[in-house]
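Beneath this line is the structure, given in structure tokens, with notes to follow.
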Amino acid sequence: TKKEETPTYELALVTDIGTIDDKSFNQGAWEGVKQYADEHDITYNYYKPTEASTAAYVEAIGLAVDGGAKVVVTPGYMFAPAVYEAQTLYPEVKFVLLDADPHTEDYATFKIESNVYAIYYAEEQSGFLAGYAAVIDGYTSLGFMGGMAVPAVVRFGHGFVQGAEVAAAELNVNVTVKYEYLNSFAPDAAHQTKAAGWYSEGVEVIFAAAGGAGLSVMAAADAATAKVIGVDVDQSSNSASVITSATKGLTTSVYAALTDFYANTFKGGTIVTLDVAKDGVGLPMATSKFTTFNQAKYDEVYDKLVAGTIVVKKDAAKVVDLVVPHVVVTVEGAE
Amino acid sequence: MNTDTMIFLIRNMVPFMIPLTIVALGGMFSERSGVVNIALEGIMVFGASFGIFFIYFVPDLMSPQLMILAAMGIAIISGVLFSWLHAYASINLKANQTISGTALNLFAFAFHDFLARLITKTGTEGVSFKNVFRIEKIPFFGDIPVLGDLFFKNVYLSTFIGLGILVVASFVLYKTRFGLRLRACGEHPHAADSVGINVNRMRYWGVLISGALAGLGGLVLIIPTTVEYTGTVSGYGFLALAVLIFGQWKPSKIFLAAAFFGLMQVISNSSGLAFFTSLGINKYFYQIVPYLTTLIVLTFTSSKSASPKAAGEPYDQGKR
Amino acid sequence: MKKFLMNAGVQKIFAALLAILFGLAFGVVILFISSFFISKASYPLDALYTIVTGGLRFSGLKGLGIIMRFMSPILLTGLSVGFAFKTGLFNIGASGQFVIGGFVAAYICIKWTFIPLEYLWIVGILGAVIAGGIVGLISGLLKAYRNVNEVISAIMLNYISMITVSNLVSIIADKNNPSRTSPPLSRIPTLGLDKIFGNNTTDISIFIAILVAILIYIILERTTFGYELKACGYNRNAARYAGINDRLGITLSMTIAGALAGLGGAMVYISSITKVFDSLLTLAPEGFDGISVALLGMSNPLGIIFSAAFIAALKNAGPALSRSGFNEEVVKIMTAVIIYASAFSLIFREKLVQFFTKKGAKK
Amino acid sequence: MEYVIELRNITKVFPGIIANDDITLKVKKGEIHALLGENGAGKSTLMSVLFGLYKPEKGSIYIKGKEAHITNPNDANRYGIGMVHQHFKLVHNFTVLENVILGVETVKNGTLVMAEARRKVLDLSKRYNLFIEPDHLISDISVGMQQRVEILKMLYKNNDILIFDEPTAVLTPQEIDELMKIMKELISEGKTIIFITHKLNEIKAVADRVSILRKGKLIDTVDVASSTKESLSEMMVGRKVLLEVNKTPAEPKEVIMEVSHLSMKSKHHGKDSVNDVSFKVRRGEILCIAGIEGNGQTDLVYGITGLQKLSGGKILYKGVDLATKSIRYRSLNKISHIPEDRHKHGLVLDYNLAENLILQTYFTDKFQKFGFLNFKNIYDHADKMIQRFDIRSGSGSHSVTRSMSGGNQQKAILARELDINPDLLIAVQPTRGLDVGAIEYIHKTLIEQRDAGKAVLLVSLELSEVMSVSDRILVIYEGELVGEVDPTKITQQELGLYMSGSKREKVE
Ligand SMILES: Nc1ncnc2c1ncn2[C@@H]1O[C@H](COP(=O)(O)OP(=O)(O)OP(=O)(O)O)[C@@H](O)[C@H]1O
Ligand SMILES: Nc1ncnc2c1ncn2[C@@H]1O[C@H](COP(=O)(O)OP(=O)(O)OP(=O)(O)O)[C@@H](O)[C@H]1O
Ligand SMILES: [Mg+2]
Ligand SMILES: [Mg+2]
């Protein structure tokens with residue numbers, strides 16, 4: 001029958017809202033899948049759910065399984081309830097869940113089966129490094145534009161403010177941070193204007209933790225000859241204005257999880273947080289465009305994070321709850 | 001409000017205002033000829049796609065300004081070709097003009113993604129480009145105090161092209177034989193027909209000009225506002241339609257309406273400026289301000305609508 | 001046979017089917033061309049098979065259940081747009097009405113716990129109908145009393161609605177997760193359909209939607225109320241001359257259109273689909289799908305039932321297509337071509353009539 | 001004999017009907033050649049063929065003895081043919097000048113040059129006494145002026161074969177006189193005119209020869225001088241037609257409606273279009289409001305029928321003030337209204353005939369139950385009406401009214417309005433553009449209504465109609481009533497003086 005002629009794909013990724021090239025978790029995870037599969041000559045494919053609902057996610061996972069997937073990568077916290085369902089629906093399939101661990105829709109029940117490997121990233125540390133580096137490098141007027149107040153983005157933002165604080169204390173300078181969520185992950189003239197406004201009032205660098213929306217911030221920075229800090233992946237190639245990027249090791253961690261799977265050491269049933277200690281987050285120093293801040297400085301603060309001499313808080317309800325004496329944070333709109 | 005804020009607002013109106021003007025003028029030509037064009041959004045997407053593909057595939061072959069001109073040409077041509085479909089359906093087939101408009105919108109979004117994935121090196125829908133098109137300062141004019149800062153520094157060629165189109169469009173519409181005939185076709189096609197004007201041909205011109213301008217407008221909207229094109233113009237085509245209606249189908253008023261809307265968009269996104277934060281108004285109101293003010297203004301200005309009488313009606317010679 | 005083919009209704013159905021065939025054929029061409037670019041692609045015709053059957057790929061009734069649940073919201077937004085078309089209005093605002101309706105339904109089903117949970121969903125649905133109706137009402141009032149073009153007011157209201165909901169999400173958000181809504185405590189019941197269809201999202205919403213479609217059909221074609229509304233749509237002045245309150249008629253038409261789209265919102269946001277308001281600033285696509293559905297269904301409420309099913313199946317086939325190695329956008333392109341081809345229906349019907357009248361004349 | 005136009009064996013078929021059936025029409029140079037025929041006889045179609053708007057199935061056209069191929073209006077123009085269409089072809093928001101030059105613009109370096117055109121228009125206007133203001137918008141000028149603009153369009157193009165399709169249907173008596181003068185003037189300059197009209201007086205007044213069409217066929221072409229109105233109408237309809245209105249003197253009974261101090265605000269300017277008007281209408285009489293177009297009749301009727309709000313005054317109908325009552329109240333209380341503009345108000349053109357015939361009654365028990373329409377009754381009712389009023393259309397009660405001829409559309413409205421058996425019938429221009437047969441029928445109906453004890457309020461611009469049908473005449477001038485006269489005791493000339501404001505007296 002025709003069905004048999006349809007090709008199968010051993011590795012699958014189901015995308016979250018946004019496209020496969022969202023400059024964010026979809027893209028980062030996808031590159032991990034691609035890299036591993038290409039290197040090992042394994043078939044792979046991605047599936048885009050018809051809409052952002054648990055039902056559609058479950059269905060897309062079903063489709064992937066139908067298509068012969070042995071491992072399904074699901075990037076984004078929105079997948080938590082879908083994977084919660086799928087893990088028992090498809091016990092023979094392995095899931096790599098990023099940014100979340102499986103739970104029910106109402107957060108009442110958390111349960112992880114042995115076929116699910118859940119990965120969190122210490123975005124607050126990544127954000128911290130970016131904030132720290134920026135202030136050490138001499139910037140005192142910073143901005144943070146988050147795509148949306150989802151947990152990972154919030155962690156980036158809170159870390160960023162804390163990093164700025166530590167550096168400001170070190171240099172004994174005062175720093176201001178404008179802080180806002182755009183409610184968008186897509187490029188738009190509106191974001192460009194917003195960023196242009198910030199730059200016109202003296203903001204020197206904006207940390208754009210907003211996927212594709214960051215591209216509009218870069219457009220504004222280009223025009224204002226101001227700076228941007230990228231997010232998730234190394235975004236230096238997108239614009240000359242990108243001084244560094246607060247990355248999280250999406251690609252490497254997915255790659256690693258797949259390596260484990262084929263080595264029969266899949267870490268099913270575990271929830272990990274990839275932090276500095278596990279090389280999960282950091283700044284791409286090779287492509288960074290700092291003047292004062294340098295590799296030595298980076299290593300120094302990095303080690304402090306690893307050693308725990310600096311602890312970055314990640315569960316404040318609001319950014320203003322963080323005590324940062326040297327930094328004045330002005331939040332725009334609702335948090 | 002201090003002058004800096006004012007300058008900021010005026011300067012930043014431009015990226016909204018120019019494309020809105022261009023596209024709404026396109027819509028004007030179409031509707032003035034008698035064909036409603038709700039496909040403006042799709043044509044923008046389509047035109048921008050090919051303009052950006054061009055920039056993506058042939059970088060560094062020529063000087064930036066030459067390249068942007070070439071890209072604009074390509075956006076215009078692709079807009080024209082694409083709008084041909086709308087013209088064919090609504091003129092030759094006498095179809096409901098909403099149908100082909102909707103179809104074109106759907107098609108353009110899908111087609112960009114489809115093609116981008118097929119032909120870009122990354123195999124993704126986003127097509128990134130290096131924005132090398134901004135002109136830092138126009139010699140001489142840039143040195144004029146205030147005005148220089150406002151209009152002659154950090155500008156794009158498209159700004160001046162947009163203004164040129166405005167002038168040309170007004171001239172063509174009101175001062176030429178073509179314009180007179182076009183308007184007649186949108187108001188009373190039977191009258192035009194009875195004096196030997198080929199109504200269908202005029203309508204083709206109207207729709208194809210709208211295609212040209214919408215295609216161009218799409219590219220012009222994208223270039224200054226991002227560094228990667230993902231196949232969307234975020235509803236600006238529909239806003240251009242609103243600007244067209246708001247502008248009463250007249251070039252000068254369209255320009256004012258686009259300026260008004262552009263200003264409101266900038267204000268909407270400037271809640272973070274010191275002046276606006278000092279007002280202490282909730283961000284929500286800034287967000288809805290362009291739409292709400294448009295509604296309010298329309299409420300008080302719509303009682304006499306100047307919409308072309310025959311717009312939206314297929315021309316049927318036999319129907320009286 | 002000839003009489004059968006000369007019937008306007010039959011011709012319309014033929015025209016729609018022809019449009020679909022045309023769209024599918026175009027799809028094959030696109031698939032064929034793109035198969036040269038994609039190394040892993042399967043044969044275009046196999047891919048076409050995937051598209052046509054993609055929506056039903058799951059064994060038994062499951063696929064049908066999934067389509068049914070995709071179908072109910074766009075059936076309702078389609079009805080919304082189609083109803084407005086029939087009364088001479090273009091409701092491009094279904095998107096805003098949809099999201100406001102959905103939000104109010106979700107709000108009620110999360111917060112109004114003073115109502116017994118087994119009835120709460122009904123209140124939620126009523127809330128959605130009223131809320132969507134109010135958004136439609138604004139466009140209607142502006143059109144009827146201030147002559148504001150309904151297309152432009154609806155576009156503005158789409159944005160206002162979207163921004164409003166995006167700002168209000170926090171009041172129904174979960175404490176664990178500030179940007180995400182809590183799940184509704186009461187949902188549209190499944191009445192065992194989930195078991196029958198082997199899919200825990202299939203609920204009675206589709207039956208509600210179909211009932212509403214039939215109701216709208218009856219209102220439009222069989223009642224004095226529909227007669228009045230259509231008269232206002234076709235010729236406002238004549239309606240007024242006939243003693244019909246034309247302003248009220250226009251206002252009511254838009255309100256009903258809004259209520260239908262609002263109901264569509266409830267079908268999504270208080271169902272087991274568990275779609276959340278992602279609070280992103282994007283217009284709800286269901287509203288625009290409604291335009292396609294209405295156009296393909298030729299604004300006839302009964303036609304809309306089938307076009308909604310068809311569009312839902314096609315949408316559902318998108319992800320399936322990506323398994324064949326092709327871009328799923330091909331499905332969207334085909335949808336666009338089908339809508340475009342339905343513009344040919346006029347010509348097609350004319351030709352059909354000509355064909356038969358000529359044949360008749362010869363005899 | 002040299003003919004300037006010869007239409008030879010023209011056949012034009014529309015789906016389901018042969019509009020022109022092998023028609024041969026010959027027009028001499030320098031004559032006014034009238035075309036006469038019932039509504040739908042094929043006159044407009046034949047002229048559209050000549051003008052290049054329709055392509056005939058058969059037949060050929062000869063201009064000045066040579067075969068001409070006319071496939072579009074440009075060709076016609078090249079042969080010197082111009083046409084004033086039945087429904088004016090003017091762009092409402094263009095100026096007069098723009099309308100005149102449309103299609104034959106002079107351009108210099110791609111720009112319109114208006115100065116020369118303006119001069120030529122003013123010259124022509126002066127020469128033919130057209131009183132044209134080139135910069136006025138069409139929407140601001142009267143119908144008569146629009147007519148003259150249409151004529152000017154032809155003159156501007158130097159056309160010497162002029163087709164007038166029912167040019168007088170919308171004109172006032174004075175304007176008609178002027179038009180006749182202009183036509184004669186044109187002939188004296190050697191131009192040729194084809195003149196379509198339903199009014200036999202006009203044919204008698206200006207035409208040299210007349211061709212009669214019936215149901216798509218040419219019946220005959222005769223000299224006007226040697227034929228009578230009676231013979232013409234008989235040829236046209238195929239039976240004897242009563243041209244004079246036959247009626248007994250009225251027997252007015254009690255007052256049914258009393259209008260007092262009624263004023264209306266104009267929609268176009270801030271002033272009052274109707275100013276402090278008072279009059280009474282009695283059962284058993286036909287009261288006519290006469291006046292030149294644009295003197296407030298339209299607004300007066302809008303006020304009485306409820307289409308527009310009053311700005312002052314009262315309308316006592318059967319003792320109740322209608323000022324604040326709805327239109328529905330009026331129709332429920334047996335006021336019928338045959339509107340002036342049948343396409344704007346009278347019909348929902350996209351509804352079929354049956355649906356249009358219940359526009360005022362769809363909510364009554366006969367046509368609905370619990371809000372559901374009763375289609376059986378609706379179509380039965382339509383069939384009855386079609387029978388009774390002889391409404392002709394392609395597919396009977398299912399015909400979409402848009403496709404019906406103007407005359408039959410008018411009959412449908414009449415049928416509907418009489419069907420509710422009104423106590424007060426307000427008829428505005430009920431015979432505009434109808435053929436004599438149809439006019440006869442409508443006049444007869446109005447008188448029957450009167451004789452049945454109903455009140456009829458007739459508003460008409462047509463002097464002969466006013467004189468022959470009404471029992472009492474009120475003349476309206478600039479929104480005020482300036483005279484009340486008895487038609488049996490006044491001449492048309494005198495009535496004309498009232499209408500033009502040269503004579504006035506206090507009314508009541
Ligand atoms: N565009 C058309 N499509 C179909 N049939 C038409 C069309 N125009 C005219 N006809 C048919 O041709 C016949 C003649 O129409 P025409 O307009 O020539 O009549 P007329 O003599 O001008 O009538 P009137 O006195 O009402 O103006 C009509 O009865 C109609 O059935
Ligand atoms: N689109 C159409 N389709 C079919 N028939 C048509 C169409 N338009 C006009 N007709 C036919 O043309 C004929 C004459 O129509 P026309 O519009 O000339 O009437 P009219 O001139 O308005 O009437 P009157 O002169 O009595 O006011 C009618 O018999 C009508 O059936
Ligand atoms: Mg006529
Ligand atoms: Mg005629």
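Every chain is numbered from 1 and lettered A, B, ... according to where its sequence line falls, protein lines coming before strand lines.
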- Query: What distance separates C:E329 CD from B:F111 CZ, expressed to the nearest 0.5 Å?
  - Reply: 11.5 Å
- Message: At a 4.5 Å cut-off on heavy atoms, which part of B:F285 comes close to chain C: side chain, backbone, both, or neither?
- Response: neither
- Count the heavy-atom pairs under 4.5 Å between each of B:L292, B:T98, B:I119, B:N105 and chain C, then report the option with the highest count. B:T98
- Gap separating the CD1 atom of C:I163 from the OG atom of B:S268, nearest 0.5 angstrom: 6.5 Å
- Message: Does B:I38 form a side-chain contact (heavy atoms from CB on, under 4.5 Å) with C:V151? I'd like the steps, not just the answer.
- Response: CA-CA 10 Å; B:I38 68 160; C:V151 173; 5.6 Å; no
- Query: Is it true that atom NZ of B:K309 has more than 12 heavy atoms of other residues, nucleotides or ligands lying nearer than 6.0 Å?
  - Reply: no
- Per-residue tally against chain C (heavy atom, under 4.5 Å) across B:L85, B:L241, B:N96, B:T294 peaks at B:L85
- Highest number of heavy-atom pairs under 4.5 Å with chain B: which of C:I333, C:V331, C:I339? C:I333
- Message: What's the separation between atom CD in B:Q287 and atom CE in C:M162, rounded to the nearest 0.5 Å?
- Response: 8.0 Å
- Message: For a quick test of reading the model, state the closest non-hydrogen atom pair linking C:V330 to B:F114 and the distance between them.
- Response: CG2-CE1, 3.6 Å
- Query: For chain B, which residues of residues 79-87 of chain C have at least one non-hydrogen atom nearer than 4.5 Å to it?
  - Reply: C:F85
- Note on the structure: Ranked by heavy-atom pairs below 4.5 Å to chain C, first place among B:A95, B:G101, B:S302, B:P290 goes to B:S302
- Task: Could you give me the CA-CA distance, side-chain angles and deciding distance for C:S153 and B:L295, then say whether side-chain contact (heavy atoms from CB on, under 4.5 Å) is met?
- Result: CA-CA 6 Å; C:S153 71; B:L295 266 190; 3.6 Å; yes
- When the 4.5 angstrom heavy-atom criterion is applied to C:I92 and chain B, the contacting part is side chain
- Item | CZ-CD distance between C:F90 and B:Q97, expressed to the nearest 0.5 angstrom | 12.0 Å
- Message: Does anything in residues 137-149 of chain C reach chain B? List residues with heavy atoms under 4.5 Å apart, or say none.
- Response: C:L142, C:R146, C:N147, C:V148, C:N149
- Could you tell me the separation between the CZ atom of C:F288 and the CZ atom of B:F238, rounded to the nearest 0.5 Å? 5.5 Å
- Message: Can you tell me how the ring of C:Y159 sits relative to the ring of B:Y291, calling it parallel under 30°, perpendicular over 60° and tilted otherwise?
- Response: parallel
- Segment of B:L244 engaging chain C (4.5 angstrom heavy-atom cut-off): neither
- Task: Inspect the surroundings of NZ in B:K253 and state if more than 12 heavy atoms from other residues, nucleotides or ligands are less than 6.0 Å away.
- Result: no
- Which answer fits C:L295, side chain, backbone, both or neither, if we ask what part of it has an atom under 4.5 Å from a heavy atom of chain B? side chain
- For the student: nearest non-hydrogen atoms of B:L106 and C:A336, plus distance: CB-CB, 3.7 Å
- Task: Just give me the residue among B:T102, B:L118, B:L239 that pairs up with chain C most often, heavy atom to heavy atom, under 4.5 Å.
- Result: B:L118
- Message: Quick check on B:E125 against chain C: is it the side chain, the backbone, both or neither that has a heavy atom closer than 4.5 Å?
- Response: side chain
- Indicate whether any N or O donor in one side chain lies under 3.5 Å from an N or O acceptor in the other, for B:Y284 and C:T164. yes
- Query: Shortest non-hydrogen contact from C:I152 to B:A242?
  - Reply: CD1-O, 3.3 Å
